[in-house]
Protein chains: 2
Amino acid sequence: MNLKELSELLGLSQTTVSRALNGYPEVSEKTRIRVVEAAREHNYSPNSRATGLATGRAMVIGHVIPLSARHEIVNPVFGDFVAGALQTYSQNNYDMMFAHAVDGGEAEIYKSLYNRRVVDGVVLQGPKVVEPRIKALRDLGIPFVVHGRSSAEHGPYPWVDVDNTRSFRRATEFLIDLGHRRIALINGLEDMDFAMRRRKGYEDAMAAANLPLNPDLMFTEEMTEVAGHHAARDMLRMETPPTAFMVSSMISAIGVRRAIEEAGLKMARDVSVIAHDDDLSYLKNGQDVPIFTATRSSVRHAGEIAAQILIDRINNPQLAPQTRMLEAEIVVGRSTGPGPER
Amino acid sequence: MNLKELSELLGLSQTTVSRALNGYPEVSEKTRIRVVEAAREHNYSPNSRATGLATGRAMVIGHVIPLSARHEIVNPVFGDFVAGALQTYSQNNYDMMFAHAVDGGEAEIYKSLYNRRVVDGVVLQGPKVVEPRIKALRDLGIPFVVHGRSSAEHGPYPWVDVDNTRSFRRATEFLIDLGHRRIALINGLEDMDFAMRRRKGYEDAMAAANLPLNPDLMFTEEMTEVAGHHAARDMLRMETPPTAFMVSSMISAIGVRRAIEEAGLKMARDVSVIAHDDDLSYLKNGQDVPIFTATRSSVRHAGEIAAQILIDRINNPQLAPQTRMLEAEIVVGRSTGPGPER
DNA sequence: GTTGTTATCCAAAGCGCTTTGAAAAACTTC
DNA sequence: GAAGTTTTTCAAAGCGCTTTGGATAACAAC
């Protein structure tokens, strides 16, 4: 059933039927009701491709699945971020489109999606410290929003991010206050902007407390359970092992815990751990008392906000780029305890 | 730059340009080359909405994000399944569309996507034992494929699934052979078809060995770390606790391990654990020797296959529904050891 | 009853592509 | 060189919607 058939059936013009359904004022209430009911009854829904052609808007937003280049790892954060964005999209009658990039061809994919008018805007996930995609998107005039930031990018652009530096500084300070001195950092890949910022927070706190930075205690890898385990295991075998770990993800932290237990130690009592918790729905950090002391920030919430910023921008392109800094909260759980200096 | 402009620029008709770009034979090689180069040079890409309107095909496949109704949990498997499907889609020039369902309105969403001609077909994820969506999709004539199966559905439909019953039966037998008798099952929600089948496999093995089924050792909940921990903790506090656990997901198994260690026990030596491993990219089960003995089946691979089945069906609607049963392999890791009867 | 307003409705153009049916051009063949 | 074939190109219709610029009907005012 299409517009033409429906209008013939009602004895009205396509114009009138279209206007009635889209809530324009130039149509009497009687006919509007008649039209709306006929539409429902005959199960009419407008062809989105035709609508899109006529209006010039796709009502679709594009995402590119951030496969980690090195190991083809799907970011575990992905599902929850998407769920958040999707919620905002559907409230605004947008659909969500996916594409995936082959080997760093992400900019190409974005361009293709936009040039083919498949999408009205795109979300850039997982920005690196140096992120040429941002300039590319700006130059192409594609509306976009970044989940995270890119330190090497100085022009204005819209983003949502957690204050990673601040949260890791605070958390490291917390460990120092507890009496820890040898504090290890198990970080994500440091070409990722968030990882670089977390390292900076860690370093700032160490420096402020006049503690030396020991490269052997600073590890950077993909954030998997196995990598976390591996790094922590090696460090715990050192002559003077760390007494505390700052860990960039819950998944890695689970690996760290495994290494601690394998070493015959007890978390909190012997070794403290603070993890970053993205508040993933399938990996909640305990129920009442959290398993891990953590810096927590909901990635799902970030998804909702990112979506809203982008939609606002699409609707109002001359708007100045909106930015939104989220603060991670520090929740105290069962993975931290006093260190040797206390 | 659109077709009209490009054709005027070349001094050719839109017909010829269109045909040249789409590889039709009725155009000389010389002009084809000329056209293709001009298109590249002027950065022309056809408007997908116009193409879609003209061809009647969207070249898009729809997915509905399976939020677990009860707790709004994003399935951790989601990302990897999508990555697999996406790979196949992009090889076949399909894009992927997402929608999310509000409170069981999934069938409505599928219908809307298809009626509005947003998609050419849909993937149904997370089927329950009773799954009215399958009948709905069939009745609506929407091409679809199911990731998993639905036991209450007897008509033919295309699917990809792991032989869950078989793999859980074999794994349970493996524990019995090791000398375990009190074997617990930590399962997902049993209205989910896969969970029901896994339970059946477990029960079959127990029955075949003349072992009683103890309801206190059979737990069913959302597959989170916390739920796994909770269940295992309670069971380990029983008078005669289980000596082995069959666990439906790696994430729950991590919780089980935590409970085992909190109880002062050692995995493998005191308590054995077998987990189902979806081979998620960010949660690899160890490197050389797996952490957990596991029934393993790559969900990413399942995504690739599901996508192919659906695309075949879209291209050839009168094809009989294809089905594909995947076999989970049993990998022996460091979480199992001899039980009391050995 | 004529004029001026306002509330309703409509015909037709346009969005950017594909595809049908036909024409023009280029070859063959005799 | 005319007739027949094949190759190459094109004009125009159509996909299903929105929207512009009227037209018509209904009503009020004089």
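A, B, ... follow the sequence lines: proteins, then strands. Residue 1 opens every chain. What's counted below: heavy atoms across the whole structure, side chains too, no hydrogens, waters or symmetry copies.
Among C/dC17, D/dT8, D/dC15, the nucleotide with an atom closest to any side-chain atom of B/Glu26 is D/dT8. For A/Asn47, counting side-chain heavy atoms from C-beta on, the closest listed nucleotide (D/dC10, C/dC17, D/dC17) is D/dC17. Closest to the A/Leu3 side chain, of the nucleotides D/dT18, D/dC10, C/dC9, is D/dT18. Closest to the A/Thr51 side chain, of the nucleotides D/dG16, D/dT18, C/dC9, is D/dT18. In this structure, the nucleotide among C/dG16, D/dC10, D/dT18 sitting nearest to the side chain of A/Gln14 is D/dT18. Side-chain proximity of A/Arg19 to the nucleotides C/dC10, D/dA11, D/dT18 is greatest for C/dC10. Distances from the side chain of A/Pro46 to the nucleotides C/dC10, D/dC17, D/dC10 place D/dC17 closest.
The side chain of A/Asn2 contributes no N or O atom lying less than 4.0 Å from OP1 or OP2 of D/dC15. The phosphate of D/dC17 has OP1 or OP2 within less than 4.0 Å of a side-chain N or O from A/Tyr44. At the phosphate of C/dT8, neither OP1 nor OP2 sits under 4.0 Å from any side-chain N or O atom of A/Tyr24. Contact annotation: B/Thr16 reaches the phosphate of D/dC10 (side-chain N/O to OP1 or OP2, under 4.0 Å).
Between the side chains of B/Asn47 and A/Arg49, no donor-acceptor pair is found at a separation under 3.5 Å. A/Thr15 and A/Ser18 share no side-chain donor-acceptor pair at under 3.5 Å.
A/Asn22 places its CG atom 11 Å from the C1' atom of D/dT19, with the value rounded to the nearest Å. The distance between atom CE of B/Met1 and atom C1' of C/dC17, rounded to the nearest whole Å, is 15 Å. Taking atom CD on A/Glu8 and atom P on C/dA11, their separation rounds to 11 Å, with Å as the unit. One interatomic measurement links the two molecules: CD of B/Glu29 to P of D/dT7, which rounds to 14 Å at whole-angstrom precision. If you measure from atom CZ of B/Arg32 to atom P of D/dT9, you get 10 Å, rounded to the nearest angstrom. Summarising the geometry, the separation between CD on A/Glu5 and P on D/dG14 is reported as 15 Å, rounded to the nearest angstrom. Rounded to a whole Å, the CZ atom of B/Arg57 is 19 Å from the C1' atom of D/dG16. Distance A/Lys30 NZ to D/dA26 P: 10 Å, rounded to the nearest Å.
Checked against the 6.0 Å centroid threshold, A/Tyr282 and B/Phe78 do not count as a close aromatic pair.
Judged by the 6.0 Å and 45° rule, A/Arg117 forms a cation-pi pair with A/Tyr114.
Positionally, the nearest nucleotide of DNA chain C for A/Leu53 lies more toward the 5' end than for the other of B/Ser18 and A/Leu53.
Side-chain contact check for B/Ser150 versus B/Tyr157: some heavy-atom pair is nearer than 4.5 Å.
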| said: What verdict does the side chain to side chain donor-acceptor pair (under 3.5 Å) test give for A/Thr31 and A/Ser28, after you've listed the backbone C-alpha separation in whole Å, the side-chain angles of each residue and the deciding distance to 0.1 Å? | reply: CA-CA 6 Å; A/Thr31 55; A/Ser28 72; 3.0 Å; yes
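Among the heavy atoms of the strands lying under 4.0 Å from B/Thr31 are primed sugar atoms or P, OP1, OP2 only; no base atom is included.
Looking at A/Thr15, its side chain comes within 3.5 Å of the base of D/dT19 through a donor and an acceptor atom.
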